Amino acid sequence: MKNLIQQLTEISSPSGREQNIRQAITDHIRPYVDQVQVDALGNIIAYKKGSGGKKLLLDAHMDEIGFMVSHIDDHGFIRVEPVGGHMPLRMPNQRIRFEHGAIGCFFYESEELSKHLADYQQVTFDRLFVDIGAGTKNEALSRVRIGESATFHPLFHDMGGKVMAKAMDDRIGCAIIIELLRQCSTPWYDLYLVFAVQEEVGLVGATTAAYGVHPDLAIALDVTSTGFRDLPKGLKRIPMKLGDGPAIKIQDRSMIADARLNQWIAQTAEEHHIPYQYEVLPFGGTDGGAIQTTKTGVITTTLSIPTRYIHSPCEMIDINDVHHTVQLLSHIVKKPFDS
Ligand SMILES: [Zn+2]
């Protein structure tokens, strides 16, 4: 499992540039499904026939947050636009990797010694630039093009019980679906496995994929934040914690999850002695929010993997939460939900 997580998180595929991750995921799932399709937006929609005749959509988004080159100045310094939600304060001194392999690091404009710290504290993408070590515009242009994408430089680290990497959001969801397919024989549901594009820029891929499938039930897999029970002086409004099991989404800014489906999932977890926690998140959203409002509506929830330092190069998860999520899903796909 850790090898799979390493492989998926080391691929750079920000929103709208998912071709590399799409290829890797397709290679992994092809032996275990009846059909693999790629739609017009680039979503993978795989199908595995079940015995019960109802459709269950499992979704994980395969894009990650990143950057897009907008301008290169006469000295070869690069300006980028954020792709997805970034905190500018986290950027200075971070390494990034461009689509064609160039490596650079962020720094920020600051002209006066007395304001150096204040400039850092108020840094925005207006004042951030990327240095790839080029001396001139032409030298930079020989390595990086306008419109080229970039992501955080990948540095996977196995810490024993925990694992740290960029793009755990949401390659961990992708890895869980792949592992589920490896483990599960014939499901009760007809499974539609969606690896969605462009979640980080507005739940784009899941919107069209869910419309095409129009499932009876849907579960999105994504990461969620942790707070005061997990970190020194962590956020008081966030009780989720690494190691306490998958988090059943109750509410975030994109959705109020289906309460009957949540209850059924919690019961299933209890029957099989799988730990779980509940998630009420005061911000953020997942593909579940887009899937829920498709066509005449879809019974939808999200299972979240508690993750520290989301949208940074150091996204950290507990490997037991991953195993427990796979275990829980392997029971869910075999059992009809009666609303
Ligand atoms: Zn995200």
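Note that this is a predicted model, so its numbers are computed, not measured. Counting convention: from 1, in listed order, for ligands and their atoms alike.
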Kindly give the atom name of the N, O or S atom of D169 closest to the Zn ion (ligand 1).
-> OD2

Would you verify whether the NZ or CZ of K233 falls within 45 degrees of the ring axis of F228 while also being under 6.0 Å from that six-membered ring's centre?
-> no

Got an N, O or S from E200 under 2.8 Å of the Zn ion (ligand 1)?
-> yes

Spell out, as yes or no, whether a donor-acceptor pair under 3.5 Å connects the side chain of H272 to the backbone of I274.
-> no

Could you tell me whether R145 atom CZ has more than 12 heavy atoms of other residues or ligands within 6.0 Å of it?
-> no

Got an N, O or S from E199 under 2.8 Å of the Zn ion (ligand 1)?
-> no

Mark yes or no: K55 above the aromatic ring of Y189, with NZ or CZ under 6.0 Å from the six-membered ring centre and no more than 45 degrees from the axis.
-> no

Any N/O/S of H311 under 2.8 Å from the Zn ion (ligand 1)?
-> yes

